[in-house]
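Order of the sequence lines sets the chain letters (A, B, ...), proteins ahead of strands, with each chain counted from 1. Hydrogens, waters and symmetry mates are skipped; everything else that's a heavy atom, side chains included, is used.
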Amino acid sequence: MKIASWNVNSLNVRLPHLTQWLRDFGPDVVGLQETKLEDHKFPDDVLAGLGYRSVFAGQKTYNGVALLARDRAIAEVQAGIPGFDDEQKRVIAATVDGVRIVNLYVVNGQDVGTEKYAYKLRWLEAVRGWLAEELRAHPRLVVLGDFNIAPDDRDVHDPAVWNDGHILTSSDERAALQRLYALGLHDGYRLHHADAGVFSWWDYRQAAFRRNLGLRIDLTLVSDALRGATAAAGIDRTPRTWERASDHAPAWVQVGD
DNA sequence: ATGGTGGGGATCCCA
């Protein structure tokens, strides 16, 4: 099963890219972030025409997440973090073919020390508590999404700029990510690749994509129980080359066949 | 330190 994560930065704008990419890449499961669509506007009919069922939790203008699955049922759908009151639509989870999939749009955090940064750390702690429960109930777990955290220096183009005091790379954010790993979750990409300089997000400004000035912040984590079945992982840069692209590229992991 | 670009929707917020 090929399982992917893609921050589309407006599904309204990116629907042609998504449909093209579904045809080209043929993922079995996809988690989308930043759909920026209210649920009644979600294009589930278009996606059904391509063989994908979808579930979604959206809102106008900001955030919004969805899970798609091709030729498979989507069961036990959970939107939001249980017990964590939050108006922002950043989480959707479901079970597909015996694998629990948790799709996260992690808070960006703006700048270290801001109110949004504090919210990011609170939010990640709530996610950690919930994932501990999810792992007990569903040992075969994949946690994917836009984490808005670059795990280590290999995942940034310039570690001097993206340092322990900078948003997306600060020591508190990285420590929060390590606490997720400590639950028994593994960066799928790093199970197969040790290289530096492979990124999933490039700023729209300063021709960052052309110059490969990016970060790897879109992650696919696999649980202990799935680690041995993780056959491959990667990032598909192709959609980032298309006209009017999302600033993110899809990250994927293959579990089993 | 600043401001660069893009999406959404309202003339500014968020990334």
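- There is no side-chain donor-acceptor pair under 3.5 Å between D236(A) and W6(A).
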How is the base pairing of DNA chain B summarised as a dot-bracket string, given the Watson-Crick and G-U wobble criteria with both distances under 3.5 Å, [ ] for crossing and | for another strand?
....((((...))))

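- The line from CG of N9(A) to OG of S246(A) is 5.0 Å long, rounded to the nearest 0.5 Å.
- A straight line from OH of Y105(A) to P of dC14(B) spans 11 Å, rounded to a whole angstrom.
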List the protein contact pattern of nucleotides 4-12 of chain B with one symbol per nucleotide (5' to 3'): B for base contact, S for sugar-phosphate-only contact, - for none; contact means a heavy-atom distance under 4.0 Å.
BBSSSS---

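- D247(A) pairs by the salt bridge (charged side-chain N to carboxylate O under 4.0 Å, His left out) definition with nothing, not counting sequence neighbours.
- We find that CG of N63(A) is positioned 16 Å from P of dC13(B), with the value rounded to whole Å.
- The P atoms of dA1(B) and dC13(B) are separated by 22 Å, rounded to the nearest whole Å.
- The pair D153(A)-R174(A) meets the salt-bridge criterion, since a charged nitrogen lies less than 4.0 angstrom from a carboxylate oxygen.
- To the nearest angstrom, P of dA15(B) lies 12 Å from CD of E173(A).
- As rounded to whole Å, 15 Å separates atom C1' of dG3(B) from atom CG of L213(A).
- Residue pairs meeting the salt bridge (charged side-chain N to carboxylate O under 4.0 Å, His left out) criterion with at least one partner in residues 56-71 of chain A, sequence neighbours excluded, are D28(A)-R70(A).
- For A137(A), the side chain to side chain contact (heavy atoms under 4.5 Å, CB included) criterion is met by no residue, not counting sequence neighbours.
- Between dG6(B) and dT2(B), the distance separating the two P atoms is 23 Å to the nearest Å.
- Whole-Å rounding puts the N7(A) CG to dA15(B) C1' distance at 9 Å.
- R90(A) comes within contact range of the sugar-phosphate backbone alone, with a heavy-atom separation under 4.0 Å but no base atom that close.
- Looking at heavy-atom distances under 4.0 Å, F209(A) makes no contact with the nucleic acid at all.
- Here R140(A) does not pair with D97(A) in a salt bridge; the nearest charged N to carboxylate O distance is not below 4.0 Å.
- Under the ring-ring contact (aromatic ring centres under 6.0 Å, His included) criterion, Y189(A) pairs with H193(A), sequence neighbours left out.
- The gap from the P atom of dG3(B) to that of dG7(B) amounts to 22 Å, rounded to the nearest Å.
- In this structure, K2(A) is positioned above the aromatic face of F25(A), its NZ or CZ under 6.0 Å from the six-membered ring centre and within 45° of the axis.
- Between Q33(A) atom CD and dA15(B) atom C1' there is a gap of 14 Å when expressed in whole angstrom units.
- Per the geometry, CD belonging to Q59(A) stands 12 Å off P belonging to dC14(B), to the nearest Å.
- Comparing the C1' positions of dG9(B) and dA15(B) gives an interatomic distance of 15 Å, to the nearest angstrom.
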